Amino acid sequence: MFPERFSNLPAYAFPRLRALLDPHPAGGPVRHMTIGEPKHPFPAWISDILSREMSGFGQYPPNEGTPELRAAITGWLNRRYGVTLDPDTQVMALNGTREGLYNACMALVPEAKNGAKPAILMPNPFYQVYMIGAISVQAEPVFVPATRETGYLPDYMSLPAELLNRVAAAYICSPANPQGAVASRAYWTDLIGLAETYDFQVFADECYSEIYRGEPPVGALDVAAEMGAHPDRVVVFHSLSKRSNLPGLRSGFVAGGAESIQRIRQLRAYSGAPLPLPLQRVAEAVWTDEAHVQENRALYREKYAVADEIFAGINSYQGPEAGFFLWLPVEDGEEAALKAWTETGVRVLPGAYLSRDTAQGNPGKGYIRVAMVAPLDEMREGLIALRDCIYR
Ligand SMILES: Cc1ncc(COP(=O)(O)O)c(C=O)c1O
């Protein structure tokens, strides 16, 4: 009566974490460092826009986004990456990137690739929607380790030709959740070149692109344009959740070739839930403003410095290049998370809850993920408690 394809899914990371920790009392003041929910302030001025635009709740919103929102998005893409996209055909508003990353599979992955079951590549560990997207279209999810040895990004170049011939799409997250690694121009060039050779699409999840230490991360669209790649080769996903501390607004976008965007629009015209009109107006203003993004980045840069200071001297520590997670090596992630909870009250996520077992082992098993979203002082206390508990 029910589909087989979802029956073997492991429990989602957070219920698993509750099952691991909640039977035990906290060993100190409870500090949440598990969920990547931004806590810095969002722009206060959005409430004026919301109240001005309230009457829009009385209308069905446009599926693809208002022309003004789409123009704000292509304007931002142009300023940020130097790429020029047609706001009428090459971008679409999303209800947050998660649904877009899912719907990309539904709209774009063919039933067969070169006569075989299509394969969809994803890094391991990975943002969980990539896997469910693949499973939903009955493609094979292929989990490619993203470990210290591979620079914390998946080495798709090393995959055998027999597999690459079946690949319909490759997800890539840069900056990466959870490791904070950033794909270089050379990495993107190789990956897009591989996708050109084997004719698959690159689904680039760039939702952490505005939170970084040094130089702004290179974007996939920018490299694809420079290479003269097929216009539908790369599909990128961006969000206001992390850039602007608005995870509850549920606003993001997808951009890419006109054919890909048309297909996603068509699917969502039937089945999607467009962003309410007043929220589209807010999103338009937020994509246009950069001052709050710079302030937000400065707050994270302080946090990187504090984390580096606290973990200085811990040999295995590598601070993130971008994003807001620490990916800390430990002997066993579950044991470390349980120890941190029962001895200090700090809640962190075992790395293996974000990764899958493979023939080569589970690349998340020897890690914990720590979200640096709490206010600075709270974060500092949490990290010190964690360090003293786990590494001393
Ligand atoms: C890697 C990654 N991609 C996508 C998302 C989805 O973000 P949203 O749907 O809020 O845009 C998240 C959220 O945590 C994420 O970590």
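These numbers come from a predicted model, not from an experiment. For ligands, and for the atoms within them, numbers begin at 1 and follow the listed sequence.
Aromatic ring centres of F126 and Y171 lie farther apart than the 6.0 Å criterion allows.
The aromatic rings of W76 and H238 stand perpendicular to each other, their planes meeting at an angle above 60°, with 30° marking the opposite boundary.
With 3.5 Å as the limit, one finds no donor-acceptor pair spanning the side chains of T150 and D155. For the residue pair Q201/S260, the side-chain donor-acceptor check at 3.5 Å is satisfied. Defined by atom type and a distance below 3.5 Å, a donor-acceptor pair is missing between the side-chain atoms of Q90 and D86.
Annotation: cation-pi pair R347/W341 present, NZ/CZ under 6.0 Å from the ring centroid and within 45° of its normal.
Taking a heavy-atom cut-off of under 4.0 Å, ligand 1 is surrounded by G96, T97, R98, L101, Y127, C173, N177, D205, C207, Y208, S239, S241, K242, R250.
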